[in-house]
Amino acid sequence: MNKNLTKPPLLEFLEKIHQSVSVYTSGSPADYIPELAIVNPDQFGIALTTVDGITHSVGDSSVEFTIQSISKAFVYSLAIEKLGSDEVLKKIGVEPSGEAFNSIRLNDENRPFNPMVNSGAIACTGLICEYAKEDAFDVVIDFLSEFAGRKLSMCKNVFNSENLTGDRNRAIAWLLKNNKQFDYDVEKVLDLYFKQCSILVTAKDLSIMAATMSKNGFNPITKKRVISNEAVIKSMSIMVSSGMYDYSGEWTYRIGLPAKSGVGGGITAVLPSEFGLGVFSPPLDELGNSVRGIKVCQELSSHFKIHLLHSEDNAENCIRKLYDLSKIRSLHNRKPIDEKTLNLNGHKSSVIELGGNINLVQSDSLTRAISKMIDKDFIVISLEKVSEFTSGAVEILKAFLSKIDDKPQIIFCGLRNQDLIISEFYEDLSESADPEILQFDNLDRAIEWVENQIISICGENAEKGKGLQQIMSQPILQNLSSTELDSVKQNLELLEIESGKQIIALGQEADGIFLLLSGKVEIALDDGKYLATVSSGTCFGELALISPKEYRQANIFSTTSCSCAWISAENLNKIFSEFPAIKSKMLLNLSLILVDRLNKSNAKIALGT
Ligand code: GLN
């Protein structure tokens, strides 16, 4: 393989950022906790984990450092998950404080401003202590480990150092206890708080933890749900307004991603539904944020325009293809009279192929498109290429469908997709038990069903001319004189075939041709891949006309009981030697049949179906 292709461009981009940001040497590691001051300030790592579970890492991305304040975002989501947001809101506000992380001031209601400053985080830790009692630290570290997808540990030296010097945090904790923010032993609450800050992580861990937030609480590496999306969304909201201490306003203005930093030199940032980022570089600016960490996020955000409020204009693109059935058809080969019926009436039915993620506004635009087709008899809506329906989109579409009376008849395909929302959508639809709404697993089957309806409603009596007389109307026998037709009739054998029988096997010699007089057969490959349907009035096994030396290209099974007129290769030769003109007539007819099939395939190719 070309070596250049093995390195993803996104990783190359991160390497470039790592190099360009390395020149920034300002700031210094936190020193108010003595143990943090002895870190090597040159360490610098970046890691980015995508929601599909790939981590790109550069530099010192596997070096462990203490998580510090970044833990606050995760422990807050744990509190919401375990106690519910109403309970947590009673104790901790959600407004930016406009003050340093270690400010001792509370808001007018004597509550901490938010969970990302020390007072709010210690109050939150108090709630976890009340909830988990003596097991509180195990609950916290196990929870953070689930986010990181590996068992995390704690740095005892940093814990001891912080415990010995953390009098300001002690003062905050006593103030909170005095205000009845928690009803627990203050030293135990502080013990948990210092321990949670001393948990060791790497930039790579932080990127996976953030990617788990990005995927609304589902860890893309372990493929496990860690937490509800509600709790994650609440925590990310406060990361947007207060995650970067007193730099938060400017952070959101410039970078626009939910993020959290810690005095250990880490920053974690989330691009919802896309990736999580972890950066580690110990030197901090005067507000306590990693200097290089901020630069990396700034570069990434401005270069790729990933500010949360930056939106691409793609509202009306959910309809990928729109066509009627006058030219585009299913894989069912039908007799000429039915083809004619479809040619004349196909325009009365439409197919809408949807794709991508369907949101509220796209669903609205879809309902407007359908309401312009209200004169159609059938509308097939294909969701085969839809990756997600938001719940708002489902609600709008369901409300619209419930207003359709008897026309047009809506047929869905691809509803039973893996995706949760689409399958919920399917269940809701079936629950509404509207018999007018049908569903098929694949688009071709849905189109075939609509064609059958059109033929039975608009076509001439389908089985007219059943039996031997029908042979004369077979496309392959057109323009034969009556003597020539008699010779064919004398050389054929009538076969009755039960439903579910294999009539032709791939690789066999092409030992004859079948004219289907009644019933239906299906053509498929060895792996079961469906190729086409052939119904009465047309033929199959036509390769035998060209040469019996040819091998069958596919398997053919009867899907109903069938009657066939079978002409063996031997008899064909007999017919051709008696009436040489029959051979050229039949070959010309075969060419016309193939040209027709080719035209249909071309129409599909032109549409990209
Ligand atoms: N353990 C630290 C403290 O409370 C966490 C602060 C931080 O990372 N901003 O002082």
Side-chain angles (χ1 to χ4, degrees), residues 27-39 64-76 92 96-106 112-126 128 137 140-141 144 152 154-176 181 186-187 189-201 203 205-206 209 235 238-239 242-248 251 259-269 278-291 293-294:
S28 47
D31 56 6
Y32 74 101
I33 300 171
E35 193 67 23
L36 290 185
I38 58 174
V39 70
E64 289 192 319
F65 57 96
T66 53
I67 188 167
Q68 298 295 340
S69 273
I70 300 171
S71 63
K72 295 168 179 172
F74 297 96
V75 175
Y76 181 66
I92 308 162
S97 68
E99 299 204 20
F101 69 88
N102 55 4
S103 162
I104 220 157
R105 194 166 76 90
L106 301 179
F113 284 90
N114 65 65
M116 306 298 162
V117 288
N118 286 11
S119 57
I122 295 171
C124 193
T125 306
I128 300 293
F137 181 61
V140 167
I141 197 164
L144 264 61
L152 299 176
M154 184 195 82
C155 175
K156 286 209 178 73
N157 290 349
V158 171
F159 165 72
N160 289 334
S161 181
E162 192 160 350
N163 197 9
L164 280 174
T165 55
D167 288 340
R168 192 179 174 97
N169 285 327
R170 255 183 203 96
I172 293 174
W174 280 108
L175 179 65
L176 293 170
Q181 289 293 323
V186 171
E187 273 310 319
V189 171
L190 283 164
D191 182 79
L192 175 60
Y193 175 70
F194 294 143
K195 278 184 178 157
Q196 91 180 35
C197 288
S198 308
I199 289 173
L200 288 164
V201 288
D205 292 329
L206 286 182
M209 294 168 91
S235 184
I238 306 176
M239 287 162 79
S242 312
M244 301 298 286
Y245 315 125
D246 212 9
Y247 183 70
S248 298
W251 169 273
K260 186 73 202 86
S261 70
V263 291
I267 293 184
T268 192
V279 189
F280 167 53
S281 166
L284 308 178
D285 60 19
E286 57 290 354
L287 296 173
N289 294 315
S290 163
V291 174
I294 288 192

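Here the structure is a predicted model, which is why all the values come from computation and not from measurement. Ligands are counted one by one from 1 in listed order, and the atoms in each one are counted from 1 as well. The residues of the chain are indexed from 1 along the displayed sequence.
Judged purely by atom type and a 3.5 angstrom limit, Thr165 has no side-chain atom pairing as donor or acceptor with the backbone of Ile33. Of the possible donor and acceptor atoms, one in the side chain of Ser71 sits under 3.5 Å from a partner among the backbone N and O of Gln68. In this structure, Arg170 contributes its side chain and Asn163 its backbone to a donor-acceptor pair below 3.5 Å. Between the side chain of Ser261 and the main chain of Asn289, no donor-acceptor pair closer than 3.5 Å is present.
Within 4.0 Å of ligand 1, contacts by protein heavy atoms are made from Tyr32, Gln68, Ser69, Phe101, Asn118, Glu162, Asn169, Tyr193, Cys197, Tyr245, Gly262, Val263.
Taken to the nearest 0.5 Å, the CD atom of Glu286 stands 10.5 Å off from the OH atom of Tyr247.
In this structure, the side chains of Asn114 and Tyr76 stay at 4.5 Å or more apart for every pair of heavy atoms.
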